[in-house]
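These notes concern the structure reproduced below.
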Amino acid sequence: MTLTFTVPGGDFNQAGRASGEVKKVLARLGVDPGIIKRAAVAMYEAEINMVIHAGGGTAVAEISPERVVLTLEDTGPGIPDLDLAMREGYSTAPEWIRELGFGAGMGLPNMRRNSDELSIDSAPGRGTRVTIVLRLDGEGASVENRAAPAAAPAGTSPAEGVAP
Amino acid sequence: MTGPGPSVFHSVTLDPEKCRGCTTCLKHCPTEAIRVRKGKARILDERCVDCGQCIRVCPSGAKLAVPDPLALLKEYRYRVAVPAPSLYGQFDERFSVDRILSGLLALGFDEVFEAARAAELAADATAAFLRGSGPGPWISSSCPAVVKLIQIRFPSLLDRLVPLASPMEIAARIVKEVLHPGRRDVGVFFISPCAGKVTAARHPQGADRSAVDGVLGIRDVYLPLRNLLSGAAERPLARAGSRGVAWARVDGESDAVGVPGSISVDGISDVIGVLEALENGKIRDVAFIEAMACPAGCVGGPLTVENPYIAKTRIRNREFQNPVLSERIEPAPVGFSDYGWSAPPAARSVLRLDPDVARALVMAEELEIRAEGLPGLDCGSCGAPTCRALAEDIVRGAAVETDCVFKLRERVRDLAAELFSLERMRPPGLDTED
């Protein structure tokens with residue numbers, strides 16, 4: 001099944017609604033709670049990023065018995081240096097965002113830690129598309145909080161290094 | 001044990017005589033566990049977490065909790081009362097804790113053991129657990145409604161629960177294992193502010209069986225006790241310090257545990273908000289979460305009689321003003337160390353549509369389509385709390401689309417239009433119009 005959400009920009013009260021809905025659907029399917037939590041964390045981070053940096057966007061969840069594919073797409077400013085952005089603690093969020101408890105520079109690393117596959121397609125001025133894949137069918141599916149590998153070397157797809 | 005209660009899952013129930021079938025409780029239930037059928041509210045057993053929210057909001061007083069009757073005392077030769085500290089907040093401060101406890105003896109108990117004393121031991125055990133157990137956040141397991149909520153709605157957080165028995169259970173274990181070992185005629189009665197503890201004593205969380213023999217509601221004990229207070233011979237019975245008494249109100253437990261970086265949250269909807277944030281990974285640098293289903297903490301329990309905020313102030317006053325209590329604090333009974341869980345609470349997949357994922361997926365898709373077709377007003381006339389909940393009930397086979405009054409009206413209108421157009425048709429032989 002496919003669920004489509006509009007994520008409004010700048011509205012912190014609405015942020016988390018899409019990931020909350022996806023969480024509910026996964027619970028209805030009886031998906032392992034550990035996987036639901038990983039999906040929730042990864043999608044929430046991506047959603048919050050769109051709210052903070054990109055003025056909102058769309059979130060699409062495609063759910064099959066084998067996997068969940070979450071695609072979050074925006075037409076925001078894009079990420080100039082993806083390797084830098086993948087580093088824990090690196091953040092471009094303004095001070096007022098940090099005061100709200102966001103923007104700690106954990107967003108992308110957290111997404112990587114909590115997904116089975118992650119790819120980020122972004123260029124300055126063109127916007128960003130984040131694709132998060134979680135497997136539901138056994139193999140690696142129940143591994144929780146896998147350790148974050150070091151930042152992917154320059155030029156490689158950020159999805160590498162997380163595949164088991 | 002008192003034999004099976006009305007349900008394995010909960011002690012909140014309905015008085016059908018009083019229920020008018022309105023939708024107030026539907027709207028306030030945090031787990032969508034209520035439906036109105038045949039003009040009466042019905043609780044979906046496996047979804048109820050005993051939070052007591054419906055009892056609090058019912059305008060007809062039709063929702064109740066069913067604690068054990070006072071008559072149960074007669075079944076035991078030696079009766080020990082374990083009063084929750086919230087009991088102390090029901091009476092104004094001119095009645096000392098000593099007097100309240102003496103009143104319980106006059107009521108027919110042979111001994112009292114304050115749950116507040118066990119709460120201090122639970123606080124020490126929690127602090128020791130937190131020191132030895134990696135980074136938090138750890139969630140207190142002392143509120144039974146919160147534990148059940150996590151089992152149903154936040155199963156991924158089950159492994160964050162502090163795996164320790166509640167003060168009620170610790171108190172009862174001390175009475176049975178240390179103070180009166182081997183005796184079978186000792187009955188331990190918890191005097192409770194909430195329905196959750198009634199269920200927890202019958203079907204314990206974290207253990208196979210409870211050491212508690214009966215749970216009496218503060219509401220049922222209040223009047224007979226109040227009538228005895230003025231005349232009771234006051235004896236020096238209070239042993240708990242302010243640390244234990246403070247567990248009756250929100251913040252009391254985290255203050256007693258005493259670790260920096262705790263969150264304390266009260267009221268079931270705010271508890272859900274905190275657990276959502278925790279599940280989303282938004283709560284960091286927090287060691288301990290004290291979560292209470294009732295507003296202001298246990299003093300807000302549905303089986304109490306006093307306004308929660310008045311009771312909370314009284315509890316605070318007792319914490320400040322009773323220096324005698326702290327001088328009488330006793331160490332943990334020698335030889336007692338039975339704080340742990342023997343059977344951790346498990347996830348309860350009541351939200352799952354079907355055991356087969358592929359089948360569940362088809363149903364989930366249908367649910368989205370059904371929900372899309374409903375008016376989205378969440379009026380509750382169909383007996384479900386929201387249009388989505390009706391869509392879910394339809395998919396599960398527990399409701400039909402025309403339960404929705406708007407859908408029914410659409411069908412009637414379509415039917416009327418069809419009747420009208422049929423009426424205009426004439427057999428050719430009878431058609432006299434040109």
Side-chain angles (χ1 to χ4, degrees), chain A residues 1-5 12-13 15-48 61-68 88 100-107 109-111 113-114 136-138 141-142 144-145, chain B residues 31-32 47 134-135 149-161 263 272-286 345-372 386 388-389 391-393 395-396:
Chain A
M1 73 186 295
T2 303
L3 301 162
T4 306
F5 306 92
F12 285 93
N13 293 325
R17 198 182 60 86
S19 47
E21 286 302 318
V22 169
K23 205 157 78 171
K24 274 185 204 158
V25 171
L26 295 179
R28 288 198 186 106
L29 301 181
V31 170
D32 176 83
I35 301 177
I36 297 182
K37 179 162 199 249
R38 289 171 53 217
V41 171
M43 187 170 176
Y44 180 74
E45 294 284 7
E47 212 182 327
I48 284 289
E62 292 160 279
I63 305 169
S64 71
E66 293 79 34
R67 52 199 226 143
V68 181
E88 286 194 12
L100 283 170
F102 301 104
M106 298 301 291
N110 242 339
M111 270 183 239
R113 217 187 342 261
N114 287 288
L136 303 180
D137 54 353
S142 60
E144 205 177 341
N145 292 330
Chain B
T31 55
E32 297 189 339
R47 286 197 184 198
L149 178 73
I150 291 174
Q151 285 179 286
I152 292 174
R153 264 188 74 167
F154 302 96
S156 77
L157 301 178
L158 279 170
D159 59 3
R160 304 313 298 172
L161 282 169
I263 286 181
I272 290 170
V274 166
L275 295 178
E276 285 282 357
L278 180 59
E279 197 166 53
N280 287 344
K282 207 195 158 221
I283 295 183
R284 303 181 187 110
D285 308 321
V286 166
R348 295 197 0 228
S349 48
V350 301
L351 303 179
R352 192 171 64 180
L353 292 169
D354 195 276
D356 176 56
V357 186
R359 173 95 194 95
L361 197 59
V362 172
M363 291 168 79
E365 262 174 323
E366 192 195 333
L367 193 161
E368 293 300 323
I369 295 162
R370 293 271 185 192
E372 203 63 29
T386 62
R388 287 195 78 83
E392 184 172 343
D393 289 350
V395 169
R396 286 180 189 274

**Report entry** Heavy-atom contact with chain A under 4.5 Å, split by part of Arg396(B)
**Finding:** neither
Query raised in the report: By a 4.5 Å heavy-atom criterion (distance strictly below it), what part of Lys24(A) contacts chain B: side chain, backbone, both, or neither?
Result: neither
Query raised in the report: Does any heavy atom of chain A fall under 4.5 Å from the side chain of Leu278(B), the backbone, both, or neither of them?
Result: backbone
Query - Nearest-0.5 Å distance that lies between atom CD in Glu365(B) and atom OG1 in Thr2(A) - result: 7.5 Å
**Report entry** Nearest atoms (heavy-atom pairs only) where Leu29(A) meets Ala364(B)
**Finding:** CD2-CB, 3.9 Å
Report task. Please flag which part of Glu276(B) lies under 4.5 Å from any non-hydrogen atom of chain A: side chain, backbone, both or neither. Result -> both
Let me check something: any side-chain donor-acceptor pairs from residues 345-359 of chain B under 3.5 Å, sequence neighbours excluded? List them with distances.
unit_1    : atom_1 : unit_2    : atom_2 : d
Arg348(B) : NH2    : Glu46(B)  : O      : 2.5
Asp354(B) : OD1    : Asp356(B) : N      : 2.9
Asp356(B) : OD2    : Arg359(B) : N      : 3.0

Query - Heavy-atom pair of closest approach, residues Leu361(B) and Pro65(A) - result: CD2-CD, 3.4 Å
Query - From OG (Ser156(B)) to CD1 (Ile35(A)), nearest 0.5 Å - result: 11.5 Å
**Report entry** Interface moiety of Glu279(B) toward chain A, non-hydrogen atoms closer than 4.5 Å
**Finding:** both
Report summary line: So, the part of Leu157(B) with a heavy atom under 4.5 Å from chain A: the answer is side chain
Query - Part of Ile283(B) within contact of chain A (heavy atom distance under 4.5 Å) - result: neither
Query raised in the report: Would you say Ile48(A) and Lys282(B) make side-chain contact, with heavy atoms under 4.5 Å?
Result: no
**Report entry** Contact class of Ile63(A) relative to chain B, heavy atoms under 4.5 angstrom
**Finding:** both
Query - Part of Leu26(A) within contact of chain B (heavy atom distance under 4.5 Å) - result: neither
Query raised in the report: Between atom CE of Met1(A) and atom CE of Met363(B), what is the distance when rounded to the nearest 0.5 Å?
Result: 12.0 Å
**Report entry** Leading residue by heavy atom contact count with chain B [cutoff under 4.5 Å; candidates Ala39(A), Ala42(A), Gly30(A), Ser19(A)]
**Finding:** Gly30(A)
